Trainee: 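Here's a structure for you.
Remember, it's a predicted structure, so these values are computed and weren't measured experimentally. Chain identifiers are assigned alphabetically (A, B, ...) following the order of the sequence lines, protein sequences preceding nucleic acid strands; residue numbering begins at 1 within each chain.
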Amino acid sequence: MQGSGNFLTGWKESLKDIDMETITIESLAGQIGKVATLRGWLQQKRGSKGLFFLVLRDGTGLVQCVVNQQNVEVNSWQNASAATQETSLVVTGKVHADERQIGGVEIQVSSIEVIQIVDDYPITPKAHGVEFLMDRRHLWLRSRRPWAVMRVRNRVIMSIHNFFQERGFLQMDAPLLTKNAVEGTSTLFEIDYFGSSAYLTQSGQLHGEVMAMAFNKIYTFGPVFRAEKSKTRRHLTEFWMIEPEMAFYDLEMNMTLAEDFLIRIASDAVSDCEEELEILERDLEALRRIQAPFPRMTYSEAVELLQSEKTRILVQERQDALQRQQSGLEKERTQNRDVYARSKEWKKRRIDAREIAINTHLDQIEEELRNLPKWWESAVNFEWGKDFGGSDETLLTWHFDRPIIVHHYPEAVKAFYMKRDPEDDRLALGMDVLAPEGFGEIIGGGQRADDLTFLEEQVRRHDLPQEAFEWYFDLRRYGTVPHSGFGLGLERTVAWVCGLEHIRETIPFPRTLGRLAP
RNA sequence: UCCUCGGUAGCUCAAUGGUAGAGCAUGCGGCUGUUAACCGCAGGGUUGUAGGUUCGAGUCCUACCCGGGGAGCCA
């Protein structure tokens, strides 16, 4: 059947026929010398008079397919000639090893059938802005970069399940619709629930505690919703959170679990996502350094470090490095302009493109140079008792090459259900894990209050409705035990593993302030 | 809500207050080993909106709309 089917008129039937012999691009390396049939879309096309190079995408990878006019029927040659970007195709040909090509293989095409020719695919293989791409997210997902990110996301999700399942945790789900706010209503999405109001959950925390008292060690894995009006690279209004909750765990055990957990995620990504991380130009060494032990410090120690001479020196060094980069780029730009007039046309175009890249980079450097003094000022004036801001977290993580754990926070900046430090009532047994390289807080958690009287008092102090928490109080009435847990933000974690600047690239369809579609 | 940067061709970006341009994409032509292929030709614009200053505004001023980044808040 190779190369002879008329797909233009009857491709649906034919697809069924070839199903047995169709293989995916990712499995081509084991098919050298054989004839393979591939189904996919045209990512890119190059060519000359009697020769076309088609880059085929099938979702599992990319492969270059060479069409030589002398080796194919007229019909196939016309199909190759007519194929445009994202045209859906069935390609049959011999698999050749070729180290120069993507995936190390190349298809010597014997026939091409077209399923649909495409006109004017909007995402061209050139630079595009964020807004343009996000408006076309349904198509953008076909591109190489989202391909890599989504595959890493999938790997991270599998690592999470494997990690907990291997340790005897039960995966259980918390409800998404809730009657009451856990921590204030300002960040909750309110919905109509048969005439009365309800909210979309912003955490599975309290229900997680219920399940831990029933099943010992559990983890939730589900979406949460935050109506925060934040427009930053770290925020989504809908994101996925993983919340383990463990009976008979204290803060120390909680921190060790979080540490083992992140090490597992990073090491699985390094070993299983080599190709994806290479596409994303991720520094693998940075991920390989994610080893125990993570630096641990109390909030007070963190404040001290933040305001220390060591931080000032780091800021100074960063400033110097940026200024060196800046003058280097400016010098390059000047040199390019000098040679521009006597350059050939193609070279001029390279220089033009490079100038745009340099200008963009210089803008970023200038912005950071503007910010650095403010960051230092804010750090040195930091008052004990406040929560860390984004810049404070970034400066703290600059001191280390792996995630850091900050614990024993002032109780005022932590949730009402946190247990107090028995030795210092001003402190809560909470902990945050801050990812390195400025990726910020990816885990927040702690040991939960297990004393009924204390919790009732806390609910009063926070002006929360007592009756709504009766079921929660029951956990402290009937067999209360020390217990702990934490929440991991999936998208922030994926952004960190992939080394992405924007969190919105880490979820298939991001929901942010001002974006609800596609 | 506040601060800050931006909005020019389908896309990415240029343009001292003085005739709106380039590359890519698209169309046509050329090229048998391309890797963001290359070479030639062509079409493509109410410069976000509304006012104002000026002999003259993409450029300056005012207001508004939309977007990026950040603060607050957070994973």
Side-chain angles (χ1 to χ4, degrees), chain A residues 43-55 62 64 66-71 84-85 98 100-102 106 108 119-136 144 183-184 186-187 202-203 205 224-243 344-346 348-357 359-360 363-364 366-368 370-371 374-375 378 386-391 393 413 415 432-435 439-445 486-496 501-504 506 512-515:
Chain A
Q43 177 108 358
Q44 205 191 99
K45 186 169 87 173
R46 297 178 285 270
S48 51
K49 193 179 182 184
L51 197 64
F52 279 119
F53 301 95
L54 310 180
V55 179
L62 297 175
Q64 173 164 286
V66 185
V67 190
N68 190 320
Q69 190 170 16
Q70 293 175 349
N71 302 341
T84 52
Q85 195 187 354
D98 189 334
R100 293 168 301 176
Q101 308 307 338
I102 319 162
E106 179 177 88
Q108 300 286 354
D119 287 327
D120 297 327
Y121 184 68
I123 302 177
T124 59
K126 294 294 172 213
H128 297 284
V130 181
E131 188 189 5
F132 178 85
L133 289 171
M134 272 304 169
D135 283 343
R136 291 156 187 79
R144 200 158 158 73
E183 310 162 53
S186 62
T187 61
Q202 54 182 349
S203 164
Q205 155 71 41
V224 292
F225 307 88
R226 303 270 169 99
E228 291 158 4
K229 294 198 172 176
S230 301
K231 276 172 58 171
T232 82
R233 65 184 77 178
R234 300 185 306 279
H235 285 85
L236 295 168
T237 53
E238 175 188 285
F239 64 97
W240 288 69
M241 193 147 74
I242 293 87
E243 295 182 278
K344 298 217 159 111
E345 275 306 310
W346 68 268
K348 282 183 179 170
R349 259 175 269 128
R350 292 278 158 85
I351 294 175
D352 286 342
R354 178 66 190 152
E355 171 136 358
I356 288 167
N359 287 345
T360 308
D363 282 350
Q364 288 168 354
E366 271 171 38
E367 190 182 342
E368 193 171 341
R370 270 199 309 273
N371 284 336
K374 294 183 200 164
W375 287 12
S378 147
K386 287 195 319 178
D387 205 355
F388 296 121
S391 66
E393 288 180 354
V413 304
D432 285 350
V433 182
L434 309 179
F439 285 96
E441 185 180 345
I442 54 175
I443 281 179
F486 59 82
L488 172 91
L490 177 65
E491 286 74 17
R492 285 188 183 178
T493 304
V494 173
W496 163 56
E501 211 167 312
H502 300 273
I503 194 176
R504 58 177 150 239
T506 64
T512 59
L513 189 65
R515 176 165 303 280

Trainee: Assess the side chains of A:R100 and A:Q64: does a donor N or O sit below 3.5 Å from an acceptor N or O?
Mentor: no
Trainee: Would you mind telling me which of B:rC73, B:rC11, B:rU34 lies closest to the side-chain atoms of A:H128?
Mentor: B:rC11
Trainee: Would you say A:K229 has more than 12 foreign heavy atoms packed within less than 6.0 Å of its NZ?
Mentor: no
Trainee: Would you say that A:N68 contacts A:Q108 through its side chain, given a criterion of any heavy-atom pair below 4.5 Å between the two side chains?
Mentor: no
Trainee: How would you summarise protein contacts on nucleotides 25-32 of chain B per nucleotide, using B for base, S for sugar-phosphate only and - for none, with heavy-atom distances below 4.0 Å?
Mentor: S-----BB
Trainee: Rounding to the closest angstrom, what is the interatomic distance between B:rG45 and B:rU8 at atom P?
Mentor: 15 Å
Trainee: Determine the contact category for A:F239: base if any of its heavy atoms lies under 4.0 Å from a base atom, sugar-phosphate if only primed atoms, P, OP1 or OP2 are that close, otherwise nothing.
Mentor: base
Trainee: Which nucleotide in the list B:rA75, B:rC11, B:rG33 gets nearest to the side chain of A:F132?
Mentor: B:rC11
Trainee: What is the nucleic acid contact for A:E491, judged by heavy atoms within less than 4.0 Å: base, sugar-phosphate only, or nothing?
Mentor: nothing
Trainee: Please answer whether the main-chain N or O of A:R234 pairs with a side-chain N or O of A:R492 as donor and acceptor at a distance below 3.5 Å.
Mentor: yes
Trainee: Tell me which of A:F53 and A:E393 sits closer to the 5' end of RNA chain B, going by the nucleotide each one is nearest to.
Mentor: A:F53
Trainee: Among all residues two or more places apart in sequence or in another chain, which pass the ring-ring contact (aromatic ring centres under 6.0 Å, His included) test with A:H128?
Mentor: A:F132
Trainee: Can you find a donor-acceptor pair, distance only, under 3.5 Å between A:R492 side chain and B:rC74 base?
Mentor: yes
Trainee: For RNA chain B, what dot-bracket results from Watson-Crick or G-U pairs at under 3.5 Å, with [ ] for crossers and | for inter-strand partners?
Mentor: (((((((..((((....[..)))).(((((.......))))).....(((((..]....))))))))))))....
Trainee: I'd like the P distance from B:rG10 over to B:rG17, given in whole Å.
Mentor: 26 Å
Trainee: Residues two or more places apart in sequence or in another chain: which of them pass ring-ring contact (aromatic ring centres under 6.0 Å, His included) with A:F52?
Mentor: A:W77
Trainee: Regarding A:E243 and A:S203, is there a side-chain donor-to-acceptor distance under 3.5 Å anywhere?
Mentor: yes
Trainee: I'd like to check the side chain to side chain contact (heavy atoms under 4.5 Å, CB included) partners of A:D387; sequence neighbours left out, ordered by chain and number.
Mentor: A:Y409, A:V413
Trainee: What's the gap between B:rC64 and B:rU26 when it is taken at their P atoms, as a whole Å value?
Mentor: 42 Å
Trainee: If we ignore hydrogens and angles and just use 3.5 Å, is the side chain of A:T493 paired with the main-chain N or O of A:G489 as donor and acceptor?
Mentor: yes
Trainee: Pick base, sugar-phosphate or nothing for A:E106, based on heavy-atom distances below 4.0 Å to the nucleic acid.
Mentor: base
Trainee: Protein-nucleotides 64-70 of chain B N/O pairs closer than 3.5 Å?
Mentor:
{"residue": "B:rG68", "atom": "O3'", "partner": "A:R504", "partner atom": "NH2", "Å": "3.2"}
{"residue": "B:rG69", "atom": "OP1", "partner": "A:H502", "partner atom": "ND1", "Å": "2.9"}
{"residue": "B:rG69", "atom": "OP1", "partner": "A:R504", "partner atom": "NH2", "Å": "2.6"}
{"residue": "B:rG69", "atom": "OP2", "partner": "A:R504", "partner atom": "NH2", "Å": "3.4"}
{"residue": "B:rG69", "atom": "O3'", "partner": "A:R233", "partner atom": "NE", "Å": "3.2"}
{"residue": "B:rG69", "atom": "O3'", "partner": "A:R233", "partner atom": "NH2", "Å": "2.9"}
{"residue": "B:rG69", "atom": "O2'", "partner": "A:E367", "partner atom": "OE2", "Å": "2.8"}
{"residue": "B:rG70", "atom": "OP1", "partner": "A:R233", "partner atom": "NE", "Å": "2.3"}
{"residue": "B:rG70", "atom": "OP1", "partner": "A:R233", "partner atom": "NH2", "Å": "3.0"}
{"residue": "B:rG70", "atom": "OP2", "partner": "A:R233", "partner atom": "N", "Å": "2.6"}
{"residue": "B:rG70", "atom": "N7", "partner": "A:K231", "partner atom": "O", "Å": "3.4"}

Trainee: For A:I443, which contact category applies under a 4.0 Å heavy-atom criterion: base, sugar-phosphate, or nothing?
Mentor: sugar-phosphate
Trainee: Within the 4.0 Å heavy-atom criterion, would you say A:Q43 contacts the bases, only the backbone, or no part of the nucleic acid?
Mentor: nothing
Trainee: Taking B:rG40 as the reference, what is the distance to B:rC24 when you measure between their P atoms (whole Å, please)?
Mentor: 10 Å
Trainee: For the atom pair CZ (A:F486) and CE (A:M241), what is the distance rounded to the nearest 0.5 Å?
Mentor: 11.5 Å
Trainee: Just call it for A:L488: base, sugar-phosphate, or nothing, with non-hydrogen atoms closer than 4.0 Å on any strand.
Mentor: nothing
Trainee: Which nucleotide in the list B:rG33, B:rG72, B:rC74 gets nearest to the side chain of A:R226?
Mentor: B:rC74
